[in-house]
Amino acid sequence: MAWIRACGVGDVEPGEAITVDVDPPVAVFNVGGEFLATADTCTHAESSLADGYIDGTEVECAWHFAKFCLRTGRALTLPATQPIATYPVRVEDDAVFIDI
Ligand code: FES
């Protein structure tokens, strides 16, 4: 476990997400000003969840439309059945840090 700087607070608009280029990649979501971090790769195949459709605290994968809860990582709809990892987030000095 290690805290790393993922991005600046202004780098992710509300309702948007970015991919952080770590291994494995992490997605940072801005949910109405709150930042949430999950694994970026969908557990169904290899799609980037940061490229998915964000609806509140859920993301819908852009490939086959599985939905995940951004807080718990739980797979909410098929075709995904496995959860995505979630990571602790801290905001400090206008930067978003994630514990990976
Ligand atoms: S790759 Fe995400 S639902 Fe298939």
Side-chain angles (χ1 to χ4, degrees):
M1 302 277 270
W3 288 94
I4 63 159
R5 184 187 186 282
C7 59
V9 165
D11 294 341
V12 195
E13 296 294 320
E16 302 283 329
I18 59 156
T19 301
V20 183
D21 192 17
V22 288
D23 187 21
V26 171
V28 172
F29 298 85
N30 181 335
V31 177
E34 179 187 5
F35 292 91
L36 298 170
T38 72
D40 185 50
T41 307
C42 181
T43 55
H44 175 241
E46 295 288 312
S47 186
S48 163
L49 292 174
D51 290 340
Y53 309 105
I54 302 161
D55 183 13
T57 56
E58 296 178 6
V59 64
E60 184 178 53
C61 180
W63 273 15
H64 315 107
F65 312 117
K67 287 185 183 176
F68 297 91
C69 173
L70 296 176
R71 289 194 193 283
T72 65
R74 196 156 63 93
L76 302 173
T77 61
L78 294 172
T81 56
Q82 298 301 311
I84 49 174
T86 60
Y87 302 96
V89 175
R90 193 173 78 205
V91 175
E92 219 174 271
D93 298 332
D94 285 334
V96 179
F97 293 84
I98 54 177
D99 189 6
I100 53 172

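The structure presented is a predicted model; accordingly, all values stated were derived computationally and were not measured. First listed ligand is number 1; within each ligand, the first listed atom is number 1.
- Note on Cys61: counted as a metal contact of atom 2 (Fe) of ligand 1, an N/O/S atom lying under 2.8 Å.
- Taking 4.5 Å as the limit, some side-chain heavy atom of Phe29 sits within range of a side-chain heavy atom of Thr38.
- Under 2.8 Å from atom 4 (Fe) of ligand 1 lies no N/O/S atom of Cys42, from backbone or side chain alike.
- Counting the atoms of ligand 1 from 1 in the order shown, those under 4.0 Å from a heavy atom of Ala45 are 1 (S).
- Across all non-hydrogen atoms, the minimal contact from Thr19 to Ala50 is OG1-CB, 3.4 Å.
- Near Trp63, meaning under 4.0 Å from any of its heavy atoms, are these atoms of ligand 1: 1 (S).
- Between His44 atom ND1 and His64 atom ND1, the angle centred on atom 4 (Fe) of ligand 1 amounts to 90° (nearest 10°).
- Under the 3.5 Å distance criterion, the side-chain polar atoms of Thr77 are matched with a main-chain donor or acceptor of Lys67.
- Close contacts between ligand 1 and Ala66 involve ligand atoms 3 (S) [criterion: under 4.0 Å to a heavy atom].
- Note on Trp63 and Tyr53: separate hydrophobic clusters, where clusters join Ile, Leu, Val, Met, Phe, Trp and Tyr whose side-chain heavy atoms are under 4.5 Å apart, directly or indirectly.
- For the pair Pro25 and Thr41, the minimum side-chain heavy-atom distance is below 4.5 Å.
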